[in-house]
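In the text below, chain A, chain B and the rest are named by the order of the sequence lines, each starting its count at 1.
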2 protein chains.
Amino acid sequence: MPERMGHEGAARPRVVVVGGGFGGLEVVRALGRAPVDITLIDRQNHHCFQPLLYQVATAALSPADIAWPIRGIVGSRPNVTVLMAEVDAVDTAGRCVRTTAADIPYDVLVLATGATHSYFGHDEWSEAAPGLKRVEDATEIRRRVLIAFERAELVSDPAERARLMTFVLVGGGPTGVEMAGAIAELARHALPLDFHHIDPRRARIVLVEAGPRILAAFPEHLSAYAKRALEKMGVEVRTGVPVTACDESGVTLAEERLPAATIIWAAGVVASPAARWLGVESDRAGRVPVEADLSVPGHPEIFAIGDTATRKQDGKPIPGIAPAAKQMGRYVGRRIAARAAGEPETGPFVYRHQGDLATIGRKAAVVKLGRLELRGFLGWVFWSVVHVYFLIGTRNRLSVALSWGWNYLTFQRGARLITETGPPVLRRRQKEG
Amino acid sequence: MPERMGHEGAARPRVVVVGGGFGGLEVVRALGRAPVDITLIDRQNHHCFQPLLYQVATAALSPADIAWPIRGIVGSRPNVTVLMAEVDAVDTAGRCVRTTAADIPYDVLVLATGATHSYFGHDEWSEAAPGLKRVEDATEIRRRVLIAFERAELVSDPAERARLMTFVLVGGGPTGVEMAGAIAELARHALPLDFHHIDPRRARIVLVEAGPRILAAFPEHLSAYAKRALEKMGVEVRTGVPVTACDESGVTLAEERLPAATIIWAAGVVASPAARWLGVESDRAGRVPVEADLSVPGHPEIFAIGDTATRKQDGKPIPGIAPAAKQMGRYVGRRIAARAAGEPETGPFVYRHQGDLATIGRKAAVVKLGRLELRGFLGWVFWSVVHVYFLIGTRNRLSVALSWGWNYLTFQRGARLITETGPPVLRRRQKEG
C-alpha cells in the first residue's frame, strides 16, 4: 500500500465507512467538509439503487441506469478515499479494518454493510431461487426469465412447457409484488408477438406469501387493492402458504408441488457478517443491536446503520428500508462532524417514517404517506416521480425517464438481452476447442 | 419439437438463415412478404451493433443501447420463426440444419454466421487478450479496464502500478484505433478526479500494428492524421511491430517485453465454422469462396454471406465490413424472393463500396466516402450521425444520442460498472461458505 493510504497527517480523525449503499453514502455526504479523513470501502465499485433492481431483472432498465460508480459520487472530495475491497475482519482492539487490499486504521468506524437474502437455513435453495440484491442478481434473473420463454418455444411436451412458463415469486413484500407485476407485463405486453409456438400471455405467475396478506407494511385495504390489481393482471396470489422445498424443477408449497423453471426469492433477508467481525451479540437476522446514538454497545467509536443495525422505537423495530438507512447515515455523519468540530453532542437518533410505496405495474401502485393514501394511476405517477427524483445523477434520471416513457407508450422492453454468465473468452475457447 | 417447427404446408419453400447479424437480418428484411417460410437461427437472442461495441467496452454506452432482441426485430412477422440455438452441423445431402434445439429442414440455406477473433494459431493468447465481437466481450473488457485502475490505486510497487496502468491494443484497424482513443479519453477525462493515489492521465496506452500504418483501408494521409490525433491524445502508436508473445503479465513486441495488465485483441478474424459444416474448401481465414450469385460451389441452394464468405471483385476481396454483409444479405434475400415468385433470376452480386469511417475520439474521426473526405470535428459529427441512424430502434437512437450528448458535455461515463462474471448466486455462497 502507498503510505498515503494510512492518511498521513493523522491529526485529523480517520473515519472509515464500510458500505457504499444508501446509509454509507449518506454518512459521507453528511460529513461534508468536516475536518476528518474518510475512507469509504465497498466490494463493488458502484452504488446500486436497489428499489429499481427489479426493473433491470425484468428488462425495463439497464444496469447503468440504476447503478453509479461510487468514485463518481464521492471520489472527487479531497478528504474521501474510495477503496474497492472486501472486509475480512475488524480489529476492534487495534482499531483497524482488515481488507483484501490493505489494513485500514480508524478512529471512528461506520458499518453500513447492508443485508443479503436469507433462506431460513436452506442455503441450498439459493441456486434454484436467486434473490435480488445486486446488479449481478438482476442480470442473472433477467437471463433466467427470458431463457425460460425461449426454451418453452422449443419444447413439445406440454407439461415441460407449462413448467418453463411458470414463474414463482417467494415473498409478498414490495420486491415480490413488483417483480410479479413486472413479469406479468413482460409476458402480456412485451413478448406476445415475438413467439409463434407459445402464447406468453398464458405464462403462470405465482406470488407466494407465508403471512396472511401481501404488503403487510400497508393498511389492510391497500393490501387488498394490490391483491386485486395483481389478479387482474393474471398473477396468482397465494397467501398463508409457506415454501417447504425448492429446487431446479420447482417449489413445494406446504404439501403442494408446483413445477416451475424460474423461482425468485424475495422473502427473508439476513444482515452482512458485521456482527461477527465485531464479535458482538446479534439478533436472529444477524443485525447488531445499537444504542440510542446508533453506536455499538461498548464501542462508542463504532456505529452500525441501515440493515446492519437493529433498534426499536416506540416498541416497533425501525424498518429495513432505504429512507431509514439514509436517516441513520445522516445522523451518524452529523454526529461525527460535531465531535470533530468539538461541538456539543447531538441527541439520540429519532426515525421519522415518511411512508411506504409499492408499484404493482403499469398505472397501478399503492402509496401511504402519513394520512395521504394513493392508489392506481395517481399512485403510479407519484411512485415514478419519487423514484426518478431519488436516482443519483441527472443522466440516470433522464435515461430512466426516457426508458419508462418509451416502455409506457410502446409496451416494449429495451433491455431484453440474454447474456452469458461466466467469462466469454473461456466459453468461446471451450466451444472452439 | 412442436410439429409446427417443421413448417407444415411445406409447399412454400423453407428458407433457413443462420446468424442474426447485419447480413442475416438483411436477408429476412429483403424477403419481406415473399411466399416462403423463414427460420432465423442464432445462438444469441439479440442482434449486436458491433461497430459500437467498443463504446460498451469503454463504459460510454450500455449493452442494451447497442443490442436488440432478434424477436423484437423480425419475430412479429407471420412467416418468420426465430430459433435461439447453436448449429452443430449441416446435412447438405438431407438438406437439414442440425442444432442444439432441433433439426431444421431447408430448401434454401443462408449462412451468415460471421467471424470471431483469430490469434494466428495462438489460441492460448485469447484469455490474456480478449477480442471484441459480442456483448459479453465488451462487458468483460470494461471490467478489466476499470479493475486495472482500481488495482493501480492500491499497489505501492511502482513497476506493478505501471503495468496495471498500461493498456495494449493489438491491431491498428478501426476497432483498435477506436478502443485506443476511447480508453485515452476515459483515463484523461472521466477518471482523473476519482483517484487520489494514481493519476489516470498518466495511463500508458499503446496501439500496436504489425503493418506499416494504422487504418490501412484509408488513404495514407488520413492514416497519418489518425496517428497524429491519437498521439495528441497520449496514445503510443507502434507500427511495423508484430506481437510475438502474450500472457497475463504483458506482451512481447518482436524482441521487446511490454508489461501490461490489460491487452485487447483487435487484430485478425477467422470465419465461423460454416465451411467445416459444409465440408468445402475455405481460405486461410476459414471463409467460403462463393460464386457470382454468392452461392456455395456445387450447392445453388446454399448461400454464404458477410464474413462467412470470400469473393474477389476487380481483383480485390470484398471487405469484411457491415455494409458489405448488408448488401450481400439484400441481394440474396431478393434472389430467393424472385425464385419463389418464379421471376427471372437477378444478375450477379456487385459490391458497392460506400466508404470507410473510423472515429479516433471526441471531435476526431476520419471519413472517406468516394471523393468526400472528412476529418476532425466534422468527421466526428458525420460519424456520430451515421451510427445513430443505423442503430435499430428509435429507443436505442434516443438513448445513444442522450448518452453521447451527456458524455460530450460532462466528460462523464455513465456505464462505469464493474460487475462480476460468473453466476452471482454461486459466488455469494462461496463467499459466505
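Ranked by heavy-atom pairs shorter than 4.5 Å toward chain B, the options A:Val74, A:Thr139, A:Leu193, A:Leu146 are led by A:Leu193. Between chain B and the residues A:Ala85, A:Pro192, A:Ser62, the most heavy-atom pairs under 4.5 angstrom are made by A:Ser62.
For chain B, no part of A:Ile73 is nearby; none of its heavy atoms comes within less than 4.5 Å. The part of A:Arg77 that comes within reach of chain B is its backbone (N, CA, C, O), which places non-hydrogen atoms under 4.5 angstrom from that chain. Residue B:Val80 touches chain A through its backbone alone, counting heavy-atom pairs closer than 4.5 Å. Neither the backbone nor the side chain of A:Pro273 comes within contact range of chain B; no heavy atom of the residue lies under 4.5 Å from a heavy atom of that chain.
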query = Which is it for B:Leu83 and A:Glu150 under the side-chain contact (heavy atoms from CB on, under 4.5 Å) test, yes or no, and what are the steps along the way?
reply = CA-CA 8 Å; B:Leu83 181 60; A:Glu150 292 291 338; over 6 Å; no
message = Using side-chain contact (heavy atoms from CB on, under 4.5 Å), reason through A:Leu154 and B:Met84 one step at a time and then give a plain yes or no.
response = CA-CA 9 Å; A:Leu154 297 179; B:Met84 183 182 172; 5.9 Å; no
task = Show your reasoning for whether side-chain contact (heavy atoms from CB on, under 4.5 Å) applies to B:Asp194 and A:Val82.
result = CA-CA 8 Å; B:Asp194 291 358; A:Val82 177; over 6 Å; no
query = B:His196 and A:Arg71: side-chain contact (heavy atoms from CB on, under 4.5 Å), yes or no, with the steps?
reply = CA-CA 10 Å; B:His196 292 187; A:Arg71 293 189 184 281; over 6 Å; no
